[in-house]
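Everything below concerns the one structure shown next.
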Amino acid sequence: MATLHLHSVLPNPTSFKSTKATTSTRRRLLANSVRCAEATQVTGETQRVTVRNGNDSLDICRVLNGMWQTSGGWGRIDRDDAVEAMLRYADAGLSTFDMADHYGPAEDLYGIFINRVRQERPPEFLEKVRGLTKWVPPPVKMTSSYVRDSINVSRKRMDVASLDMLQFHWWDYANTGYLDALKHLTDLKEEGKIKTVALTNFDTERLQIILENEIPVVSNQVQHSIVDMRPQQKMAQLCQLTGVKLITYGTVMGGLLSEKFLDTNLNIPFAGPPLNTPSLQKYKRMVDAWGGWSLFQSLLQTLKGIASKHGATIPNVAVKYILDQQAVAGSMIGVRLGLSEHIQDSNAVFSLTLDEDDISSIQEVTEKGKNLLKVIGDCGDEYRRA
């Protein structure tokens with residue numbers, strides 16, 4: 001591993017008001033980072049990966065089933081149909097599910113699903129199933145009892161004694177209570193209530209602070225796509241140093257990165273497919289910030305050429321390109337459980353290899369877009385702008 005000093009990634013840590021890392025702390029961080037990075041390993045045909053920090057580890061599928069789509073806005077979810085769909089995904093090897101406390105019935109659906117697995121599948125199958133959830137609290141005082149009670153709600157809904165991964169989000173960095181919350185989460189991990197502690201939508205500066213406070217996070221879930229390459233500009237450097245991995249969402253941009261939107265003109269009313277889901281609307285705004293619909297069409301045409309060359313699809317290429325980026329452990333593909341399925345297409349990602357010509361072709365287009373780090377800010381800043 002090439003030498004990379006923390007101060008080369010961010011401004012001098014002594015400028016951080018929320019923590020004062022000692023020299024010994026920084027040395028421990030650097031020492032642990034080597035162990036952490038060396039311990040992270042990809043298994044099988046790149047289908048699963050183990051994320052690790054110290055003694056904490058979890059193996060997950062590199063293509064994760066995102067359950068934001070159960071929260072409303074994508075169509076009515078039937079409970080029984082949704083659980084049957086989850087079983088089909090898991091049977092096909094896509095056995096890692098990502099949810100949150102505020103994704104409607106997502107945690108409850110997982111609880112029903114995992115009980116079906118316990119009853120109807122062999123123990124070795126159960127061992128491969130993973131349920132990753134997020135906790136998104138208001139920025140109130142983070143007491144031990146408040147954190148414990150909140151996590152117990154998710155444990156009860158998901159019907160598990162220990163959460164496989166708890167990914168923590170924080171709205172307001174001016175309130176340094178996020179460090180208190182993470183320390184309480186670490187205590188719950190030590191008690192066996194949580195297997196691994198992780199983050200979602202934290203920026204590089206705060207990730208460094210958290211690590212210097214010796215919080216053993218294994219990953220940070222961030223928005224990352226061919227259009228939104230912000231994580232590779234700052235975050236990935238720190239991740240490469242410390243061994244923290246990235247789990248990405250928005251990788252197919254809610255479906256915009258697909259054949260469905262190729263050769264369409266959304267600037268003409270009713271001329272193209274409707275942007276009729278929260279994710280399509282969200283990522284269309286990202287396209288506008290990046291370079292507009294005309295440039296996006298150039299990108300889709302390039303991706304289609306690459307996909308045709310490999311007998312793949314545009315979403316396959318979009319996901320594989322991000323999986324090949326620095327520090328990325330896995331990428332999310334949203335699932336509309338019981339409404340539509342893309343099991344075969346998701347699994348096709350694992351057999352796809354992008355060559356140098358493919359990568360150069362993609363970069364030739366993306367370099368024409370705006371630098372979203374300058375337009376929006378670092379990872380997660382889109383949720384914290386006034």
Side-chain angles (χ1 to χ4, degrees), residues 63 65-77 85 103-104 222-230 248-323 331-346 348-349 352 354 358-359 361-372 375-376 382-383:
V63 173
N65 305 312
M67 295 180 66
W68 181 30
Q69 284 75 6
T70 66
S71 61
W74 287 264
R76 181 182 177 275
I77 298 292
Y103 285 4
V222 295
Q223 183 173 294
H224 196 357
S225 68
I226 292 177
V227 166
D228 186 1
M229 295 294 291
R230 288 177 296 156
T248 75
Y249 66 87
T251 306
V252 295
M253 304 188 74
L256 288 178
L257 285 169
S258 70
E259 282 78 2
K260 181 178 181 179
F261 287 90
L262 178 64
D263 297 327
T264 62
N265 186 354
L266 296 190
N267 296 320
I268 302 175
F270 310 110
L275 301 177
N276 56 0
T277 68
S279 51
L280 285 173
Q281 295 159 12
K282 172 182 180 179
Y283 294 114
K284 172 56 165 60
R285 293 192 292 272
M286 197 61 57
V287 168
D288 294 340
W290 171 69
W293 197 250
S294 177
L295 181 59
F296 188 69
Q297 283 299 307
S298 296
L299 176 60
L300 287 180
Q301 290 161 6
T302 298
L303 297 178
K304 180 59 178 178
I306 295 170
S308 297
K309 167 184 167 183
H310 294 285
T313 65
I314 290 176
N316 293 160
V317 177
V319 172
K320 180 60 174 175
Y321 185 82
I322 296 304
L323 285 177
S331 292
M332 202 87 56
I333 299 179
V335 289
R336 300 175 65 180
L337 298 170
L339 299 175
S340 63
E341 288 188 2
H342 39 69
I343 292 173
Q344 185 175 352
D345 200 53
S346 293
V349 172
L352 175 62
L354 300 178
D358 300 331
I359 295 168
S361 297
I362 292 171
Q363 292 176 346
E364 185 178 344
V365 180
T366 58
E367 286 170 358
K368 298 175 183 177
K370 294 178 182 177
N371 182 343
L372 291 182
V375 175
I376 299 172
E382 60 268 32
Y383 297 101

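As the structure is a computational prediction, the values presented were derived from the model and not from experiment.
- Residue Glu341 comes nearest to Ala85 through the heavy atom pair OE2-CB, 3.8 Å, listed as atom of the first residue, atom of the second, then distance.
- Going from atom OG of Ser298 over to atom CD of Glu364 covers 10.5 Å, rounded to the nearest 0.5 Å.
- For Lys309, the NZ atom is densely surrounded, since the number of other residues' heavy atoms within 6.0 Å is greater than 12.
- Across all their heavy atoms, Ile306 and Leu354 have their closest contact at CG2-CD2, 4.0 Å.
- The closest side-chain heavy-atom distance from Trp68 to Pro278 is below 4.5 Å.
- A distance of 8.5 Å separates CG of Asp263 from CG of Leu300, quoted to the nearest 0.5 Å.
- Between Met229 and Tyr321, some side-chain heavy-atom pair lies under the 4.5 Å cut-off.
- Side-chain atoms of Gln297 and Thr264, non-hydrogen and from C-beta on, do get closer than 4.5 Å to each other.
- Minimum interatomic distance between Pro273 and Leu266 (heavy atoms only, all atoms of both residues): O-CD2, 3.8 Å.
- Heavy-atom minimum distance, Lys370 versus Val375: CB-CG2, 4.1 Å.
- One finds the OH atom of Tyr249 at 6.0 Å from the OH atom of Tyr283 (value rounded to the nearest 0.5 Å).
- Across every non-hydrogen atom of Asp228 and Gln223, the tightest pair is OD2-NE2, 2.9 Å.
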Subject >> Residues Arg230, Val222; criterion side chain to side chain contact (heavy atoms under 4.5 Å, CB included); working and verdict >> reply: CA-CA 9 Å; Arg230 288 177 296 156; Val222 295; over 6 Å; no

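- Nearest approach of Ile362 to Ile226, heavy atoms of both residues: CG2-CG2, 3.8 Å.
- Annotation: side chain of Thr366 is in contact with side chain of Leu299 (closest heavy-atom distance under 4.5 Å).
- Atom-to-atom distance recorded for Met332:CE and Asn65:CG is 9.0 Å, nearest 0.5 angstrom.
- No donor-acceptor contact under 3.5 angstrom links the side chains of Asp358 and Ser361, judged on distance only.
- Counting only heavy atoms from C-beta outward, the side chains of Trp293 and Phe261 approach each other to under 4.5 Å.
- The 12-atom threshold is exceeded at CD of Gln281, counting heavy atoms of other residues, nucleotides or ligands nearer than 6.0 Å.
- For Asn316 (side chain) and Ser346 (main-chain N/O), no donor-acceptor pair under 3.5 Å exists by modelled atom type.
- With salt bridges taken as basic N to acidic carboxylate O contacts below 4.0 Å, none links Glu382 and Lys282.
- In this structure, the separation between OG1 on Thr70 and CZ on Arg76 is 13.5 Å, given to the nearest 0.5 Å.
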Side-chain donor/acceptor pairs under 3.5 Å, residues 250-260, sequence neighbours excluded:
unit_1, atom_1, unit_2, atom_2, d
Thr251, OG1, His224, O, 3.2
Thr251, OG1, Thr248, OG1, 2.8
Ser258, OG, Gly255, O, 2.5
Ser258, OG, Lys260, N, 3.4
Glu259, OE2, Ile314, N, 2.9

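- The shortest side-chain heavy-atom distance between Val319 and Leu323 falls under the 4.5 Å cut-off.
- Residues Gln69 and Leu339 have side chains not in contact (no heavy-atom distance under 4.5 Å, counting atoms from C-beta outward).
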